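See structure below.
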Amino acid sequence: MQGRRMLGTMGVAAVMTAGLASCSAEAGDGAGTTFRVAFNQDIDHPQAQALTELSEELETRTEGRYALELYTDETLGDQAATIEQVQSGTIDLAVVAGPLLENFEPDFSTVNLPYLYESPEHQLSVLNDREVVGELYDTLVDDDIQVLTAYHGGVRNVYSSEGPVETPADLAGQKIRVIGSDTNVRMMELMGGVGTPMAQGEVFTAIQSGVLDGAENNELIYSSLSHDEIAPYYSRTEHLMMPDYLVANPGVWEGIPEEDRAVFEELLTASVDTELELFGTAVEEATAAAEEAGAQFNDVDVEVFREAVQPLHEESVTSDLARSVYDAIEAARG
C-alpha cells in the first residue's frame, strides 16, 4: 500500500462537515451514538430497509448506546464522494458499489468480474466469508476503509434507447453507462459497447439528451429512476452480480466496545439474509412497474456474452491474492 488514497477532491466533505457534526452524539454523553450512513438510493430500497431494521435492533440490543441514521438519495454526495468522507471521518459508514474499491486495491476487480457467481446465495456466502476474502478486505485498512459486510446488489442487465440487445453486435457503437472502474469499462468493451463511467444521478439526463444510448443495472434502479421512460429496451444479459459493501472508517469500528461490536456483527449477518429476501420481492415489483410504463424485456443467449467477457477473467486474476480469492469462489460453486 502507498499511503491513503482518495477519489477526487474533498469539496463535498468540507461542505458537509459543519452540518453533520451535530448529528452524531458521542457515546457517554447520555444520548448514545448515532452512526451516519450514506446511501445513494431511496428509503424503499432493500438495502435501506435492511439497514433500518438493523438500526432498530441495534438500538434495542445495546440499550440505546448505538443506532444508525440513513442519509438516502445521494444526500451526502455520490458514492465516490461518500468514500472520501468515510476516509476523512466526516461520516461514519457508507454503502458503496464494489467496483469503486478497485481504485484503492486493484485486486478487488477479481470479485467484480462478470459471470463470476452462479447465484445470489453463492455470491453472499463467499463475500461474507473471511476465509475467502478477509485478506482482500484488509488491504483497504491503510486507506481508512473497512468493509463491514457485503450485500447483494442485484443482477445487472443492459438497457438501451436504441432497441433490444440480443448479441454483442447489437451493442456496437452504443455508449453504455457503467460504474467508474477500469474493469467495468473493459467488460462493456468486450460485450460490444462503449463503457462510459458516470455518476448515477446524471444518467437519466444523459440518455434523454443522447449523450448515452443506455446503461446497465438491475431492475430496481431501472424502474425507480424512471430509466424505463427513456431506454425502454431491457435485455437480460445477466452479465454482472456486483456486490455492494457497507464500509466504515476503521477508527469508528474500533471505537465500539467489544460487547457492542459483537452485537453489531451478529445483526450485520442477519441483515444480509433480510436484504436478499427483500431484493427478490422488489425485483418482481420493479419489473411489473417497468412493463406497465412501457418497457420491453427480452432474454438473450447468455453464453454468447459469457464467452465474450472471458478474457477479462484472465486479465484481472494476475496476483497471488487475486488467484486465491478467485479459486475459492470457483470452488464454492454448487
Side-chain angles (χ1 to χ4, degrees), residues 12 16 19-20 23 34-58 67-83 85-86 91-100 120 148-157 159 177-180 198-208 212 215-232 234 240-247 268 271-295:
V12 174
M16 300 303 300
L20 293 176
C23 295
T34 299
F35 293 126
R36 298 150 296 185
V37 186
F39 189 60
N40 72 328
Q41 305 299 333
D42 63 32
I43 192 62
D44 293 324
H45 191 280
Q47 291 168 3
Q49 292 297 300
L51 287 170
T52 298
E53 182 177 312
L54 184 156
S55 177
E56 294 170 354
E57 287 291 323
L58 181 64
L68 309 180
E69 183 172 2
L70 265 66
Y71 290 77
T72 60
D73 301 295
E74 291 192 342
T75 303
L76 306 184
D78 63 28
Q79 291 186 335
T82 61
I83 291 175
Q85 293 176 74
V86 166
I91 58 177
D92 306 303
L93 297 89
V95 179
V96 300
L100 292 176
L148 301 187
T149 198
Y151 289 119
H152 179 59
V155 179
R156 297 172 79 97
N157 303 278
Y159 50 92
R177 182 265 178 177
V178 296
I179 288 280
M198 185 178 293
Q200 186 65 266
E202 302 172 12
V203 175
F204 184 96
T205 300
I207 297 176
Q208 188 178 45
L212 292 175
E216 52 86 47
N217 219 311
N218 62 63
E219 296 89 342
L220 274 62
I221 302 301
Y222 181 59
S223 176
S224 66
L225 298 185
S226 300
H227 290 180
D228 47 11
E229 296 178 3
I230 40 118
Y234 192 95
L240 198 59
M241 206 176 293
M242 188 180 70
D244 290 324
Y245 294 104
L246 179 65
V247 299
L268 283 169
S271 74
V272 171
D273 294 331
T274 298
E275 188 264 351
L276 182 57
E277 182 178 352
L278 290 171
F279 213 108
T281 301
V283 165
E284 294 177 1
E285 295 173 350
T287 300
E291 288 178 329
E292 187 174 343

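Worth knowing before you read on, the calculation uses all heavy atoms, side chains too, and leaves out hydrogens, waters and symmetry mates. All of these numbers come straight from a predicted model, not from anything done at the bench.
Legend: residues meeting side-chain hydrogen bond (donor to acceptor under 3.5 Å, both in side chains) with D228, ordered by chain and number and at least two apart, are absent. Checked against salt bridge (Lys or Arg N to Asp or Glu O under 4.0 Å), E275 has no partners two or more places apart in sequence or in another chain. Evaluation of the salt bridge (Lys or Arg N to Asp or Glu O under 4.0 Å) rule for R156 yields E216 as partners, not counting sequence neighbours. A search for side-chain hydrogen bond (donor to acceptor under 3.5 Å, both in side chains) contacts involving N157 returns Y234, not counting sequence neighbours. In this structure, the side-chain contact (heavy atoms from CB on, under 4.5 Å) partners of D44, at least two apart in sequence or on a different chain, are D42, Q49. Partners of T287 according to the side-chain contact (heavy atoms from CB on, under 4.5 Å) rule, which considers only residues two or more places apart in sequence or in another chain, are E219, R236, V283, E291, F297. When the side-chain hydrogen bond (donor to acceptor under 3.5 Å, both in side chains) test is applied to T149, the partners found at least two apart in sequence or on another chain are N128. By the side-chain hydrogen bond (donor to acceptor under 3.5 Å, both in side chains) test, S271 is found to be paired with Y151, residues two or more places apart in sequence or in another chain being considered. Contacts of Q208 classified as side-chain contact (heavy atoms from CB on, under 4.5 Å), with partners at least two apart in sequence or in another chain: F204, I230. Remark: T52 engages I43, E56, L70 in a side-chain contact (heavy atoms from CB on, under 4.5 Å) (not counting sequence neighbours). In this structure H152 satisfies the ring pair (Phe, Tyr, Trp, His ring centres under 6.0 Å) test together with F279, sequence neighbours excluded.
Judged by distance alone, with hydrogens and angles left aside, the side-chain atoms of D273 form no donor-acceptor pair with the main-chain N or O of L276 at under 3.5 Å. At distances below 3.5 Å, at least one donor-acceptor pair connects side-chain atoms of T75 with backbone N or O atoms of T72. With R177 contributing its side chain and M198 its backbone, the two residues share a donor-acceptor pair below 3.5 Å.
Donor-acceptor pairing under 3.5 Å is recorded for the side chains of D244 and Q47.
Screening L148, L54, V96 against L246 for a side-chain contact (heavy atoms from CB on, under 4.5 Å) leaves a single residue, L148.
Rounding to the nearest 0.5 Å places CD of Q79 at 6.0 Å from CD1 of I179.
The two atoms that bring T82 and A38 nearest to each other are CG2-CB, 3.5 Å, heavy atoms only.
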